There are 2 protein chains.
Amino acid sequence: MAAKPARSSPASRPERKPFGRNVIAFRSPTLSTQIVTQVRDALFAKELRPGDFLGTEKDLAERFGVSRIVARDALRTLEAQGIVEIKVGSGGGARIAKGNARLFAEALAVQLDLAGVTAAEIMDAQRAIECHAAELAAINATAEDHARLRGLLADAEAKIDDVPAFTRSSHEFHLAVAEASHNRALLVQLISLQHVSWPSQNPTLTPRVARHVLDVHKQLAALIEMRDPAGARRLMDDHVKMITARRVAEHRDKGSAKRDCC
Amino acid sequence: MAAKPARSSPASRPERKPFGRNVIAFRSPTLSTQIVTQVRDALFAKELRPGDFLGTEKDLAERFGVSRIVARDALRTLEAQGIVEIKVGSGGGARIAKGNARLFAEALAVQLDLAGVTAAEIMDAQRAIECHAAELAAINATAEDHARLRGLLADAEAKIDDVPAFTRSSHEFHLAVAEASHNRALLVQLISLQHVSWPSQNPTLTPRVARHVLDVHKQLAALIEMRDPAGARRLMDDHVKMITARRVAEHRDKGSAKRDCC
DNA sequence: AAGATATCAAAGATGATATCTTTCTCCTGC
DNA sequence: GCAGGAGAAAGATATCATCTTTGATATCTT
């Protein structure tokens with residue numbers, strides 16, 4: 001399929017890169033999937049970069065020689081995959097998106113849900129990620145990371161009697177540890193798993209548990225600052241195991257409250 | 001799932017923010033995103049399960065009181081997110097999909113690419129996943145898993161001189177180890193990361209390296225059969241570190257061939 | 001003759017196009 | 001600053017094309 005040049009834009013738009021590569025359509029002979037494939041491949045081939053202007057619906061339709069609906073279908077798919085962002089209004093249109101971990105997290109949540117993965121499995125995977133992140137954080141964390149962790153600890157301490165706020169702060173602390181690992185792949189995966197595993201309410205969080213959690217977090221931050229990777233990993237391992245036990249118990253209770261089996 | 005009967009009388013737009021906070025509104029609440037949200041929420045609420053029939057485009061359009069275009073937009077998005085599968089023809093329509101790890105893997109690949117995550121980061125995350133998977137495999141693997149691993153080892157041995165085939169077989173072995181862990185969350189994440197990290201060609205795979213890889217795989221399978229979690233983890237750790245070194249070197253070479261920085 | 005199989009045509013569903021109105025944004029001209 | 005115009009997506013409607021299932025018919029086999 002040939003991309004038509006279709007020079008219709010007034011001013012010079014150097015962003016208009018034609019996707020010359022003829023890529024084997026996956027197995028779907030629909031026009032919209034061909035467009036999706038071409039754009040995604042152009043992205044992987046670095047012909048397109050985040051922020052690049054892709055064009056309006058009409059532009060794409062003309063460029064690929066298809067109707068506006070087909071371009072629209074392609075944009076819907078690209079948007080759902082987080083590849084493009086679409087703005088309405090004058091000067092709007094489709095642009096290559098910046099990374100959006102949230103979209104990805106939802107994709108993982110959907111897949112895990114569809115596959116019927118249990119809470120125990122998720123927490124176990126999370127443990128693998130978080131332990132590694134803690135270890136790396138003890139190696140790679142910068143002074144800013146240390147400050148960030150200390151700040152979050154102070155924040156949590158102030159909110160220790162407010163269960164929802166403490167839960168959020170705690171959540172942030174775990175994410176901050178992952179960020180301190182300076183490995184974005186780990187971070188993205190943790191975000192995804194937390195999106196599935198982290199409860200909005202935290203029914204078993206008693207003041208006593210909260211105090212214990214905070215103490216562990218403080219120890220963890222200290223180990224990271226002391227650059228003790230093995231210690232940080234070990235502590236995180238125990239910590240996540242404890243969280244897992246509580247989470248699995250909650251899940252079982254919730255399940256048995258609604259229906260018998262789980 | 002509530003269908004909104006309100007056919008769009010242009011003047012009347014009653015609710016502009018019907019969504020709570022835990023639901024993530026993608027953009028301005030377009031009709032199609034509302035449908036997407038409802039379907040996804042129904043999925044999470046277990047009102048919809050894989051295989052359930054969702055309806056045809058026309059069905060959805062009537063049920064939600066919108067035009068076919070809107071229903072189509074929603075289905076495009078749901079399809080891209082792997083939530084539904086769409087078949088054409090009589091008896092066709094949209095059904096809730098079974099889990100599809102490939103879609104998810106592509107989503108991760110896109111996100112990591114957009115975020116500019118380096119090969120080293122990806123391999124490091126992969127190491128965390130694979131080490132944990134190896135450990136769990138040594139605990140949870142069944143006799144079938146053991147047989148599967150042995151079969152793949154024999155397969156790889158037969159193909160040791162055929163670089164692409166050996167690479168594929170090797171790839172399968174790693175996946176089989178993750179499957180033997182019986183943790184689908186780990187498996188899905190590994191699939192995603194491999195989708196990004198595993199090269200189609202394997203330029204640095206010399207016969208000598210292949211032999212070494214096969215030996216390590218054999219040792220690993222043995223440790224899993226012997227139910228030695230710590231040993232399996234340690235071996236996998238070393239193994240992935242070796243792979244990482246090669247992969248990062250390849251990436252650097254490829255990068256410097258095209259452009260200076262990376 | 002009963003059952004299995006092959007073939008063909010109709011129905012149903014998506015794929016795709018064209019054209020239109022509406023609504024939302026940005027930008028420009030006061 | 002503010003109102004209005006222009007650009008662009010959102011949405012609606014109608015229509016045709018293409019693909020697939022499905023059911024009916026016909027033929028072959030037992």
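Proteins come first, then strands; the chains are lettered A, B, ... in the order of their sequence lines, and each starts at number 1. As the structure is a prediction and not an experimental result, all values here were calculated from the model.
R184(B) places no side-chain N or O within 3.5 Å of a backbone atom of L112(A) that could act as its donor or acceptor partner. D59(A) contributes a side-chain N or O that, together with a main-chain N or O of T56(A), makes up a donor-acceptor pair within less than 3.5 Å. Judged by distance alone, with hydrogens and angles left aside, the side-chain atoms of N140(B) form a donor-acceptor pair with the main-chain N or O of S181(B) at under 3.5 Å. Side chain of E121(A) to backbone of T118(A): a donor-acceptor contact under 3.5 angstrom is found.
The CD atom of Q38(B) lies 10.5 Å from the OG1 atom of T33(B); values are rounded to the nearest 0.5 Å.
Here the nucleotide nearest the side chain of V88(B), chosen from dT14(C), dA9(D), dA10(D), is dT14(C). Each of dT21(D), dG7(D), dG15(C) was ranked by its minimum atom distance to the side chain of S90(A); first place goes to dG7(D).
The interatomic distance linking I86(A) (CD1) with dA8(D) (C1') rounds to 11 Å, in whole Å. We find that CG of L54(A) is positioned 15 Å from C1' of dA8(D), with the value rounded to whole Å. Computed from coordinates, the E57(A) CD to dA10(D) P distance equals 6 Å when rounded to whole Å. For the pair K58(A) NZ and dA10(D) P, the interatomic distance rounds to 16 Å; values are reported in whole Å. Between the C1' atom of dG15(C) and the NZ atom of K87(B) lies a distance of 17 Å, rounded to the nearest Å.
One finds a salt bridge joining R148(A) and E172(A) here, because a Lys/Arg side-chain nitrogen approaches an Asp/Glu carboxylate oxygen to under 4.0 Å. Ion pairing of E106(B) with R40(A) is present here, as a side-chain N (NZ or NE/NH1/NH2) and a carboxylate O approach within less than 4.0 Å.
Heavy-atom distances to DNA chain C give each of R76(B) and G89(A) a nearest nucleotide, and the one nearer the 5′ end belongs to R76(B).
Searching all strands for a Watson-Crick or G-U wobble partner of dT21(D) with both distances below 3.5 Å returns dA10(C). Base pairing of dT17(C): its partner is dA14(D), meeting the Watson-Crick or G-U wobble criterion (both donor-acceptor distances under 3.5 Å).
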Taking only N/O atoms, report every protein-nucleotides 16-20 of chain C pair under 3.5 Å with atom names and distance.
unit_1	atom_1	unit_2	atom_2	d
dA16(C)	OP1	L31(A)	N	2.6
dT17(C)	OP2	S67(A)	N	2.8
dT17(C)	OP2	S67(A)	OG	2.7

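The side chain of R95(A) places no N or O atom within less than 4.0 Å of a non-bridging phosphate oxygen (OP1 or OP2) of dA8(D).
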